[in-house]
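Worksheet: the structure to be examined is printed underneath.
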Amino acid sequence: MIYKTLLLTSGSSAAGYIRNFDIFGEIKVFNNSEVFFEFVLNNNPDFIILDSDNYGNYTEKFFEISEKKGIPYFLFSDINISDNSFLISSIYSLERNIEKIKFTEEIFRLKNQLRKYKYYSKIFFDNSYQGIMITDSDYNILKVNSGFKKMFSFNSDGKISCFDTKELREFIFEIIPIDFDDFKSHEKVINKNGKYYYVFYSVFNCEGSKTIVFNVVDITDKKELQKSSDYYLNYDPVTNSPNRFYLKITVDRYIENKKPFAMIYADIDNFKYINEKHSHFFGDEVLKMFYERMKLNIENIEFISRIGGDEFVIITESKNAEKVTELLYEMLINPFEIDDEKIYMKLSCGISYYPENGNNFSDLMKCSDKALYNAKTLGKNTYVFYTKEVFDYTYEKIKNINILNNAVKNGDFEVYFQPIFYTEGENVYVKHFEALVRFISEGKIIGPFSVIKTAEEIGIITELTLKIIDRIFSMNTYFSGYTVTINISPKDLEFFNIDGEIKKISEKYNIKCSDYVFEITESCELNYNENIHIINKLKKLGFKIAIDDFGTGYSSLEYLLKIPCDILKVDKIFIDNIKNDDRRKRIIKGITEFSKSFEIDLVIEGVEKEEEFSELVKLGCKNFQGFLFEKPKEISYINGKYLKNKNS
């Protein structure tokens, strides 16, 4: 059987859902009440479905028409589709209308699902953001949901505190006429504790059960926004939270009133991956849920603003800043669930205070931003309060970024070389060199450590590494007959085509790959599964592999199982005071023995004292690097003192 249906709706999701069912014939969607009424008067649809969003605009006149023409109708406030069944989550319509409309099993199969429906109805009642109150026919309150309690203050005895019994009855009679026999609704302004609220009331007389249902929706915000044409100037269109412009107005007002507060600048970690994996629409839904969860679950928040992307700013009293921030992290323990997907999120926060850290919006934002930047560099998923140390740290980062930009764009760096000495009996000679980069800042040469770390953090390390490799390979004629070690970061190995780029540079200078060693620094953890194939490709090209600072940080014996390395470099920490430390001697002896069994060359780094060198020779070590022999020097010095094939 095909049913002819008239659907009154806003034209959004409900129409789309109903069109999924081929039992419906012609479906019409009306947005204009006059056109709708004219169609109803001139046609006899099988039944009509009314969208609850339009109660106040259509229903009073419609019911007059319905009574005259005998057209059945159905009201809904939500639609769920499950197992090809059509469920309407209206807690007040089903049992009253099911016989009147005479739904068949072929249409909705609702009779067979009534028990399931009642379960859903209870969930809807308990969790609806709308306020719902059920009374008996004498208007004695039988039940209210949490949404209703939020709109009205309740005493311990369950009575509405802003109404006594008489006032409540007057309040009800003011909403509906005493002799009403069907749905009535309109807007009303109520006063709660001195504050006015706009609410939308829907009232239903449930036939047969002698109960009356009051459905109340707080539309205060909507009404207020309708009064203002500046809504989109002040609010974020995705989350409907105040935007950056509104944030500034609010902060300026706090400062004008000299009210101390804390500014929490929150940034969702790695949010771009949510957009990339799912979609930007999916990401927007996550942002909405994140904003709503903050509003509902964290006390003492005075203001929340989405200022762009995945960044939010929270204003709270200074004394509550740390507590609110901790609650933010607790709030994220539970995932966000969208379309059967569980999304776990982490957060980085920077916190500044008024007036301690600034006397205007701009300065406070800068301080919070610097603290946030510090939190990100500490590994994310943490929060940092702005201090002078944070300022100094951020200043250093900014300075390093400028150095890096000059190095990548203009080649503002130098390559120094430190010899690695090989001992055989009493003979000591050079056969290896390690290339070490030195940066130029304000005409001065500075070391690489903090600059390289910043390059890893901001994601330009590989671009920098390729520039350095190009410079080193261009000097290949100096090092004929010698091996040169070049440092690369594990972050470089995350660049899927770095082996291809290195191959291009090697062909450009016609180098012999076996004369060069790529030394993997342990500044960050190596991801074996993702990076080992890049290492194997470099080995296949002919390059050798060294592991730096073996035995410290992330490097361990596991490296030997995973990485086809040729050289181990032992950190200085193992040789300090080795002459008087038997444990260190045993460690070095053990490393020496198993490096031989693996046929891996061993280099002892950081040798600075003659007594250290003597002890290491006794323990069987043969390759040494350190200030005792030579500091890193520019190519002109190395060329003049060590190289066999000297270039003029």
Side-chain angles (χ1 to χ4, degrees), residues 415-438 447-449 478-479 481-487 515-523 544-553 555-557 559-560 565-644:
V415 178
Y416 280 33
F417 295 90
Q418 186 176 29
I420 298 173
F421 291 84
Y422 175 76
T423 61
E424 189 172 4
E426 296 182 356
N427 298 319
V428 179
Y429 57 92
V430 176
K431 64 176 182 179
H432 305 291
F433 292 90
E434 180 176 1
L436 299 164
V437 67
R438 296 292 182 264
F449 301 108
Y478 285 100
F479 296 98
Y482 295 89
T483 301
V484 178
T485 297
I486 304 170
N487 290 286
D515 288 342
Y516 290 86
V517 180
F518 284 111
E519 181 176 309
I520 302 172
T521 61
E522 63 89 37
S523 54
K544 296 178 181 177
I545 301 296
I547 295 176
D548 186 30
D549 297 333
F550 181 73
T552 66
S555 62
S556 67
L557 287 173
Y559 272 43
L560 302 181
C565 68
D566 302 283
I567 299 171
L568 290 181
K569 302 188 76 174
V570 178
D571 188 77
K572 184 180 184 300
I573 189 174
F574 293 106
I575 66 170
D576 287 340
N577 196 34
I578 192 170
K579 182 178 180 179
N580 302 311
D581 192 330
D582 289 339
R583 294 183 66 190
R584 293 178 192 271
K585 291 178 183 178
R586 288 194 293 270
I587 290 173
I588 293 296
K589 183 67 175 176
I591 295 174
T592 302
E593 291 300 326
F594 78 68
S595 67
K596 288 180 182 178
S597 65
F598 276 93
E599 297 183 346
I600 297 173
D601 288 337
L602 191 69
V603 177
I604 308 297
E605 296 183 293
V607 182
E608 297 179 356
K609 300 176 182 178
E610 187 68 43
E611 60 188 30
E612 293 172 347
F613 173 61
S614 298
E615 289 296 329
L616 292 166
V617 170
K618 293 177 184 177
L619 293 170
C621 301
K622 291 186 176 295
N623 299 292
F624 302 92
Q625 182 178 356
F627 289 178
L628 176 65
F629 306 99
E630 189 69 86
K631 294 181 179 180
K633 297 289 186 180
E634 59 274 2
I635 187 62
S636 58
Y637 178 91
I638 295 295
N639 183 40
K641 184 172 181 180
Y642 295 105
L643 299 179
K644 297 176 182 178

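What's counted below: heavy atoms across the whole structure, side chains too, no hydrogens, waters or symmetry copies. In this chain, residues are counted from 1 in sequence order.
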### Message
Within the 4.5 Å heavy-atom criterion, are V570 and V603 side-chain neighbours or not?
### Response
no
### Query
For the residue pair S595 and T592, what are the closest heavy atoms and their distance?
OG-O, 2.7 Å
#### Entry: Q418 and Q625: side chain donor to acceptor below 3.5 Å
yes
### Summary
Here the pair of heavy atoms bringing S597 nearest to F594 is OG-O, 2.7 Å
### Message
Tell me whether T483 contacts the main-chain N or O of Y516 through its side chain, where contact means a donor paired with an acceptor under 3.5 Å.
### Response
no
### Message
Donor-acceptor check, side chain of D548 to backbone of I520, threshold 3.5 angstrom: yes or no?
### Response
no
### Task
Verify the distance criterion only: is there a donor paired with an acceptor across the side chains of Y637 and E630 at less than 3.5 Å?
yes
### Query
Closest heavy-atom contact between P448 and R438?
CD-NH1, 3.6 Å
## Note on the structure
The reported gap from CG in L628 to CD in E610 (rounded to nearest 0.5 angstrom) is 5.5 Å
### Query
Should Y642 and Y482 be marked as a side-chain contact (heavy atoms from CB on, under 4.5 Å) after you check the CA-CA gap, both sets of side-chain angles, and the distance that decides it?
CA-CA 10 Å; Y642 295 105; Y482 295 89; 5.6 Å; no
### Message
Can you confirm whether or not the ring centre of Y478 sits under 6.0 Å from the ring centre of F417?
### Response
no
### Task
Under the side chain to side chain contact (heavy atoms under 4.5 Å, CB included) rule, collect the residues that match up with A546, sequence neighbours excluded.
V517, E519, I567
### Query
F421 and Y429: aromatic ring centres closer than 6.0 Å?
no
### Message
Determine whether L436 and V415 satisfy the following criterion, side-chain contact (heavy atoms from CB on, under 4.5 Å), listing intermediate values before the conclusion.
### Response
CA-CA 6 Å; L436 299 164; V415 178; over 6 Å; no
### Query
What's the spacing between I604 CD1 and F613 CZ if we round to 0.5 Å?
11.5 Å
Under 3.5 Å, side-chain donor or acceptor atoms of residues 575-584 against the rest of the protein: list the pairs with distances, not counting sequence neighbours.
from: D576; atom 1: OD1; to: K572; atom 2: NZ; distance (Å): 2.6
from: N577; atom 1: OD1; to: N580; atom 2: ND2; distance (Å): 3.0
from: D581; atom 1: OD1; to: R583; atom 2: N; distance (Å): 3.1
from: D581; atom 1: OD1; to: R584; atom 2: N; distance (Å): 3.3
from: D581; atom 1: OD2; to: R584; atom 2: NE; distance (Å): 2.9
from: R584; atom 1: NE; to: D576; atom 2: O; distance (Å): 3.2
from: R584; atom 1: NH1; to: I573; atom 2: O; distance (Å): 2.3

### Message
K596: which residues meet the salt bridge (Lys or Arg N to Asp or Glu O under 4.0 Å) condition with it, sequence neighbours left out?
### Response
none
### Query
Would you call K544 and D515 a side-chain contact if the rule is heavy atoms closer than 4.5 Å?
no
#### Entry: Shortest non-hydrogen separation from I600 to C565 and the atoms involved
CD1-SG, 3.7 Å
### Query
Do you know the tightest heavy-atom contact between K631 and P419?
O-CD, 4.5 Å
### Task
Please tell me if the side chains of F479 and N639 come closer than 4.5 Å, counting only heavy atoms from C-beta onward.
no
### Query
What residues, two or more places apart in sequence or in another chain, satisfy salt bridge (Lys or Arg N to Asp or Glu O under 4.0 Å) together with E634?
none
### Query
SG/C621 to NZ/K589 distance, rounded to the nearest 0.5 angstrom?
8.5 Å
### Task
Go through the steps for N623 and K569 under the test side-chain contact (heavy atoms from CB on, under 4.5 Å), then give the verdict.
CA-CA 9 Å; N623 299 292; K569 302 188 76 174; over 6 Å; no
### Query
Does NZ or CZ of K431 come closer than 6.0 Å to the centre of the six-membered ring of Y422, within 45° of the ring's axis?
yes
### Task
List in chain and number order the residues that pass salt bridge (Lys or Arg N to Asp or Glu O under 4.0 Å) with D566, two or more places apart in sequence or in another chain; answer none if no residue qualifies.
K539
### Message
Tell me every residue that passes salt bridge (Lys or Arg N to Asp or Glu O under 4.0 Å) with E615, counting only those two or more places apart in sequence or in another chain.
### Response
K585, K618
### Message
In the structure I gave you, are the side-chain heavy atoms of L616 and F624 within less than 4.5 Å of one another anywhere?
### Response
yes
### Side-chain touch V437/Y416, heavy atoms, less than 4.5 angstrom
no
### Task
Could you pull out the closest heavy-atom pair between I638 and K633, with the gap in Å?
CG1-O, 3.8 Å
